[in-house]
Amino acid sequence: MNYTVKQTNTFQDELMLELDSFLTVQRNAYPLEEILKIDLHCHDHNSDIPDELLGRILNLPETWTSTEQVLRTLEKSGCNTFTITNHNNARSCYELKEKGMDILTGAEFSATVPDFNIGIHVLAYGFNNEQEKVLMKLRKNIYSFQEYAFENNIPTTWAHPLYHYSTKGSPPFDFFSKMLLVFERFEVLNGQRDTWQNMLVKAWLESITPEMINRLADETGIDPSKYCHHPFKKSLSGGSDSHMGIFSGMTGTYLHVPDLKKRLETTPRSELALEAIREGRMAPYGSHQNSEKLTIAFLDYVCQIALFRKDPGMLRILLHKGTNQDKIIALLISNGFAELQRHKVTMTFIELFHDSFLGKSPGFTKRFFVSRVYKPVFDDAVKIAANFTSSPDRIVENYKENIAAINEKLNAILFGRMKVKLDKIKQEGKLQEINLNNLINHFEIPSEFRALLENKSKVATISNERMELPDIPELLDGLSFPFLGSALILAAHFTSARVLYTTRPLLHTFSEKIGKLEHPRKMLWLTDTFGDNNGVSMVLKSMHEEIKSKNLPVDIMVCSNEIEPDDHLIVVKPMAEYKFSLYREQPVRIPNYLEVHHLFHDGEYDRIICSTEGPMGLAALYLKHAYSVKSYFYLHTDWIMFARKVLDLDRGNLNRLRRLLRAYYKSFDGLFVLNKDQEKWLTGREMGFAASSVFPTAHWADEKFYRRSNSRTAIPGVKSCNPVMLFTGRVSHEKGVLELPEIFSGIREYVPEIKLVIAGTGPAENDLKEAIPEAIFLGWVSHDDLPGIYSSADLLILPSKFDTFSCVVLEALSCGLPVIAYNTKGPKDIILEGINGYLVNSNQEFIQKAHNFFTDKDLQEDFRRNALTRSKEYDKEKIINRFLYQVGLKDDFHPGE
């Protein structure tokens, strides 16, 4: 792994110690010879109506797993007593009873807490068919449901208490207080939830005292004796909650039956189990887990959908309950699986994966017909099947390793083939022929149905010009399976994390309330650039040094082949790297998103910030939605100005870009901006962001930027008598460097001996050298050498209208160098007009004010002193402390501190 993160006594270690201690107590709670082993929460194909709306719209059951498969897995896991708890029905239990099997009747009922309008799941056992009908009628009111269950001696358990169904966010703590009075059994080990959730439930229940029960009963008016046989005794259970039959029995409950051997002579196991549950003689068992089991379950579920789904029908989708967004998502999913089923190679491997998850290893002849490039993927799938016989302690880890290996191989195939295809397109010169405005127009989707139904040449007439694009079918040929395969793996990881952590705000509140197992506050900062020669990279390097020196709870993650990892700096290797003519200096590097996914979890982060809109920007959105964490974006670049000045986009496409940026930035909880213009734009009518979500911030100049002794002769071609005007930065069109020839020529008319010094490189360097050959070009100057250059100059000129902050302005001021710049964005917030520099609106103003400056020695000295004074106002400690407060890593901030 290419990363360095200091982690001692981690949160996961704390959770594992808590769990190990708990499991040890539970293992020793009852004599081994007097226990039944049962999974009190598992499912098969009769869980056919999901709670999730999308599943109902698409008419998808929660699983297609057969009852026989579940029973085989339960036996393999060592269970000797059985139940199947399908959603809102006990059909599988009744069918097994009819076949003569001794089974405990059970079901998982979807119930509603009416006073909070929150859905919960309740496990019930030992009821008959008629009682099930009554329970189904009463489940819309949990109080009526529990009262009936109590009166009929039907034991119930609140399943996964920290996972609920609500459209109004996290429930208040009063909700849990009331449920504490209504239930006497709680599922504390759920095999599909992570250890944090499970241990929080355990810690909560351990904190309950009889005095607390009495106090809550008085406060709520709920009499717990109406619902609980033992109101002051809270019993704990466990269950796998496995829907795919892969992990059934790996989490469950030991039921204590005194004198078990003798009682088995006369009483069925199911009756003994029911007796133990009623009396609360239960001890849960299981193991530490994160999202791996749920990920594997979702992977297999996707395989099952692809293999067994049927078209739900357009009318069902359109007329079903749900929002328009729900129906659009359902339509896209349905069409996605329809296309998937048309791809033979992909379907062959999906069938292979599904069989492998169930321990069915394919025959050798099947491998013979797999193409050579996919044989390593086939072999890893076979290893998945072999895992089925592994010990419970290793099976999940083995699955995780095999899936990661498959994902890596598919990505290697995908990006290897993509590189070959792009190289071919480049050789044919087709990329150079593409006009960006026409390209964007070409891919615009018409809003008129007729245009969509007509042939593609008519659809393309939205564009004003015909253009030759690469052959898309040819481009995609050979990419479908590796793309779909890796996408499905990533989607399964995303969905499992999303399901687990959708209640993260509740988990934080819950842990604070009980004063235990609070997740650490720690932020991951993602960026596409760190070691590159640009302003964003320089700022992040400076921030990284402060993070290291202060050991802040922040790590930076970058994708690169060249950067070495460091403390608080995680480096992931790119799967692919591309350079585009529009911005050759900044390659586009594609990270392994699955690696990023795991690193985020293993790093125990609970919030993110991102500095770039590239592939790592997409990773930031992925992590935000997967892990339900707070997210922030740090705006360094004015892309609208860049698109106008550099990409030459027309007005229509500028509006499209603005809408795209608005949609992207809206995905974050907060935006950090570097100037007042940016803040005004974001909170204005066009972008529409709330002022409370836009945070003004600033940079600071490194300590190395201070006034040095003036040594003009250190600059080649400059004499001590020469006034020096300096430009430093990227030599590119958007930086306004092609305005320098006119400005410099105008100033020379008044100050003939002046020298223009250019420190930097970029795509416009040759054009600039040709336009002003008399200028002194230093090339790229390191940060260590820049202070000497600043101190040897008289005036910094910045003809850019593009800079969101302009670190070079602050660096120059810190070295006592006045600045003249356009009256726009970052510079106008830093420069005080006529005090430490000038703000202008035209080339003529550049010339006139520079003339005034260079002909007034006293003014120059005043400007230098004022420049130093102004630079000190950008205090590093204040900026960092305010930033930490704004992202929630610091509880308070006092501007004077």
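All residue numbers refer to positions in the sequence shown, counting from 1. Just so it is clear, the values below take in all heavy atoms, side chains as well, and ignore hydrogens, waters and symmetry mates. Just so it is clear, the structure is predicted and the values come from calculations on it, not from any experiment.
- Between the side chain of E339 and the backbone N or O of N335, no donor-acceptor pair lies under 3.5 Å.
- Using a cutoff of 4.0 Å between basic side-chain nitrogens and carboxylate oxygens, K419 and D423 are scored as salt-bridged.
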Handout entry: Trace of the side chain to side chain contact (heavy atoms under 4.5 Å, CB included) decision for F337 with L58
Key = CA-CA 11 Å; F337 275 103; L58 292 168; over 6 Å; no
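- S291 contributes no side-chain N or O that, together with a main-chain N or O of L294, makes up a donor-acceptor pair within less than 3.5 Å.
- Of the possible polar contacts, one joining the Q289 side chain to the R193 backbone as a donor-acceptor pair under 3.5 Å is found.
- Taking the six-membered ring where tryptophan is involved, the planes of H699 and F805 are perpendicular, since the angle between them exceeds 60° and thus also 30°.
- Judged by distance alone, the side chain of K375 and the main-chain N or O of V370 form a donor-acceptor pair under 3.5 Å.
- Side chain of S628 to backbone of K624: no donor-acceptor contact under 3.5 angstrom is found.
- R589 and D532 are joined by a salt bridge, as a carboxylate oxygen and a charged side-chain nitrogen come within less than 4.0 angstrom of each other.
- With rounding to the nearest 0.5 Å, the separation of CD in E512 from CG in L517 is 12.5 Å.
- A cation-pi arrangement is absent between R607 and Y632 under the rule of less than 6.0 angstrom and at most 45 degrees off the ring axis.
- Listed for the Q197 side chain is no donor-acceptor partner under 3.5 Å among the backbone atoms of L507.
- Defined by atom type and a distance below 3.5 Å, a donor-acceptor pair is present between the side-chain atoms of Q341 and R309.
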Problem - Verdict with supporting geometry, T348 and F353, side chain to side chain contact (heavy atoms under 4.5 Å, CB included) - result: CA-CA 9 Å; T348 297; F353 293 149; over 6 Å; no
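- T612 places a side-chain N or O within 3.5 Å of a backbone atom of D528 that can act as its donor or acceptor partner.
- Electrostatic pairing of K573 and E595 does not count as a salt bridge here, judged by no charged N lying under 4.0 Å from a carboxylate O.
- Stacking of R504 on the aromatic ring of Y501 is recorded, both the 6.0 Å distance cut-off and the 45° axial limit being met.
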Exercise for the section: Begin with the C-alpha distance, continue with both residues' side-chain angles, and end with the deciding distance and a verdict on side-chain hydrogen bond (donor to acceptor under 3.5 Å, both in side chains) for T527 and S611. Expected result: CA-CA 5 Å; T527 175; S611 279; 5.3 Å; no
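- Comment: D566 engages K548 in a salt bridge, judged by a side-chain N to carboxylate O separation of less than 4.0 angstrom.
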Practice task
Please lay out, stage by stage, how N190 and N198 fare under the test side-chain hydrogen bond (donor to acceptor under 3.5 Å, both in side chains).
Solution key: CA-CA 7 Å; N190 180 287; N198 288 335; over 6 Å; no
Handout entry: D300 and H243: CA distance, side-chain angles, deciding distance, side-chain hydrogen bond (donor to acceptor under 3.5 Å, both in side chains) verdict
Key = CA-CA 10 Å; D300 189 46; H243 289 63; over 6 Å; no
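- The six-membered or imidazole ring of W196 lies near that of H508, with a centre-to-centre distance under 6.0 Å.
- A cation-pi geometry, defined here as NZ or CZ lying under 6.0 Å from the six-membered ring centre and within 45° of its normal, holds between K666 and F689.
- Ion pairing between E604 and K522 fails under the 4.0 Å rule for side-chain N and carboxylate O.
- Under the 6.0 Å cut-off for aromatic ring centres, Y634 and H636 qualify, their centroids lying closer than that.
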Practice task
Begin with the C-alpha distance, continue with both residues' side-chain angles, and end with the deciding distance and a verdict on side chain to side chain contact (heavy atoms under 4.5 Å, CB included) for W700 and M543.
Solution key: CA-CA 10 Å; W700 63 88; M543 177 63 81; 3.8 Å; yes
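- Between the T495 side chain and the A492 main chain, no donor and acceptor come within less than 3.5 Å of each other.
- Aromatic ring centroids of F633 and Y665 lie under 6.0 Å apart.
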Exercise for the section: Please lay out, stage by stage, how V345 and F349 fare under the test side chain to side chain contact (heavy atoms under 4.5 Å, CB included). Expected result: CA-CA 6 Å; V345 174; F349 273 90; 4.2 Å; yes
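- The aromatic rings of H597 and Y627 sit tilted relative to each other, their planes meeting at an angle between 30° and 60°.
- Between Y374 and F481, the ring-plane angle classifies as perpendicular under the 30° and 60° cut-offs.
- Seen from the ring of Y885, K890 does not count as a face-on cation partner, given the 6.0 Å and 45° thresholds.
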